[in-house]
Amino acid sequence: MKHELPALPYAYNALEPYYDEQTVKLHHDAHHKAYVDGLNNAEAKLLEAREKGDFALVKHWERELAFHGSGHILHTLFWDNMAPQGGGPATGLVAEEITKYFGSFDTFKKQFSAAAVAVEGSGWTLLCYNPIFKKLEILTAEKHQNLTQWGVVPLLALDLWEHAYYLKYQNKRAAFVEAWWNLVNWQDVNRRLADCL
């Protein structure tokens, strides 16, 4: 089964003025699509290796599978985590869990934002649920195929690769992070958290 680039859940310009149409279109149609294409290629090459019994390049194709598969998963989450009428403080179940583990929404937002601005090079900042510890965690992934805790379920993802913001925000990552808070789709985050509990 081939993976397909999912359609955006809103129009390219729906996240204006916080996330510009040109960047959303390029980010989705070119960058996200490249992950989908790379994932399909890696899976095809691994299938071919199994059919031929030739695993000489298995290390390479497994890395490609992890890189492109993680990119596809996180980008899909990223798009769904935003909404044209999003933003504001967390609501519902996730608001309760944020208060429980971070003390307040403001403290959570400050920690998440600081982590996002501090990601070295390219990467992601994620609010995750850890089912082993039974708690929320903020994690950063500088290489998105290498999350820092096994088994966590990403709930909220912020893409900090330069392609996510450079057309409008250039090198002003902190400004992009601050603008992104106006788009967070807490309904989507709540749905994902409810599936974990």
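Numbers for residues simply follow the sequence, beginning at 1. As the structure is a computational prediction, the values presented were derived from the model and not from experiment.
Heavy-atom contacts from other residues, nucleotides or ligands closer than 6.0 Å to CD of Glu16 number more than 12. No more than 12 heavy-atom neighbours from other residues, nucleotides or ligands sit within 6.0 angstrom of NZ on Lys33. The number of heavy-atom neighbours closer than 6.0 Å to CD of Glu48, taken from other residues, nucleotides and ligands shown, is above 12. Heavy-atom neighbours of Glu43 CD from other residues, nucleotides or ligands within 6.0 Å: above the threshold of 12.
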* Determine, stepwise, if the pair His163 / His75 fulfils ring pair (Phe, Tyr, Trp, His ring centres under 6.0 Å). => CA-CA 12 Å; His163 68 239; His75 278 89; 5.7 Å; yes

* Step-by-step side-chain contact (heavy atoms from CB on, under 4.5 Å) determination, Trp61 to Asn41 -> CA-CA 9 Å; Trp61 292 117; Asn41 185 51; 3.5 Å; yes

* Steps toward side-chain contact (heavy atoms from CB on, under 4.5 Å) verdict (Tyr129, Lys134) -> CA-CA 7 Å; Tyr129 180 74; Lys134 299 192 180 339; 3.6 Å; yes

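Of the possible polar contacts, none joining the Asn182 side chain to the Gly87 backbone as a donor-acceptor pair under 3.5 Å is found. No donor-acceptor distance shorter than 3.5 angstrom exists from the side chain of His32 to the backbone of Gly71, with no hydrogens or angles considered. Here the side chain of Tyr19 pairs a donor or acceptor atom with the backbone of Ala164 at under 3.5 angstrom. Remark: the backbone N or O of Gly86 is not paired with any side-chain donor or acceptor of Asn185 at under 3.5 angstrom. Listed for the Asp188 side chain is no donor-acceptor partner under 3.5 Å among the backbone atoms of Met82.
The NZ atom of Lys135 sits 11.0 Å away from the CD atom of Glu97 when rounded to the nearest 0.5 Å. Rounded to the nearest 0.5 Å, atoms CD (Glu21) and CG (Leu167) are 12.0 Å apart. To the nearest 0.5 Å, atoms OH (Tyr165) and CH2 (Trp180) are separated by 14.5 Å. Distance check, rounded to the nearest 0.5 Å: NE2 of His28 to OG1 of Thr23 gives 14.5 Å. Atom NE2 in His60 sits 9.5 Å away from atom CG in Leu46 (nearest 0.5 Å). If you take CZ on Arg192 and CG on Asp80, they are separated by 5.5 Å, rounding to the nearest 0.5 Å.
Closest approach of Arg173 to Ala118, counting heavy atoms only: NH1-C, 4.4 Å. In terms of heavy-atom proximity, Ala90 sits nearest to Ala95 at O-CB, 3.4 Å. In plain terms, the two heavy atoms of Ala14 and Pro84 that are nearest each other are O-CB, 3.5 Å. Of all heavy-atom pairs between Leu160 and Ala116, the closest is CD1-O, 3.2 Å. Here the shortest heavy-atom pairing between His72 and Pro6 reads CE1-CD, 3.8 Å. The minimum heavy-atom distance between Leu77 and Pro154, with the atom names listed, is CD2-CB, 3.5 Å.
Taking 4.5 Å as the limit, every side-chain heavy atom of Leu26 sits out of range of all side-chain heavy atoms of Gln22. Residues Phe55 and Arg50 meet the side-chain proximity criterion, which asks for heavy atoms closer than 4.5 Å. Using a 4.5 Å cut-off on side-chain heavy atoms (C-beta onward), Leu93 and Leu197 make contact. For the pair Ser104 and Thr99, the minimum side-chain heavy-atom distance is 4.5 Å or more. Side-chain contact between Leu74 and Asp159: absent, with no pair of heavy atoms (C-beta onward) separated by less than 4.5 Å. At least one side-chain heavy atom of Val189 sits under 4.5 Å from a side-chain heavy atom of Asn81. Contact check for Trp124 versus Thr140: no side-chain heavy atoms found under the 4.5 Å cut-off. Contact check for Leu57 versus Lys45: no side-chain heavy atoms found under the 4.5 Å cut-off.
One hydrophobic cluster, built from ILVMFWY side chains closer than 4.5 Å, holds both Val184 and Tyr101. By the rule that hydrophobic residues join a cluster once side-chain heavy atoms approach within less than 4.5 Å of another member, Val36 and Leu65 end up as members of separate clusters. With hydrophobic clusters built from ILVMFWY side chains whose heavy atoms lie under 4.5 angstrom apart, Val119 shares a cluster with Leu155. Note on Ile73 and Leu39: separate hydrophobic clusters, where clusters join Ile, Leu, Val, Met, Phe, Trp and Tyr whose side-chain heavy atoms are under 4.5 Å apart, directly or indirectly. Placement of Trp186 and Tyr18 within a single hydrophobic cluster is found when ILVMFWY residues are connected by side-chain heavy-atom separations under 4.5 Å, directly or transitively.
Between Asp106 and Lys109 there is no salt bridge, since no side-chain N of the basic residue sits under 4.0 Å from a carboxylate O of the acidic one.
The residue from Leu127, Ile138, Leu136 that alone fulfils the side-chain contact (heavy atoms from CB on, under 4.5 Å) condition with Leu156 is Leu127.
In this structure, the ring of Trp79 has its center less than 6.0 angstrom from the ring center of His27.
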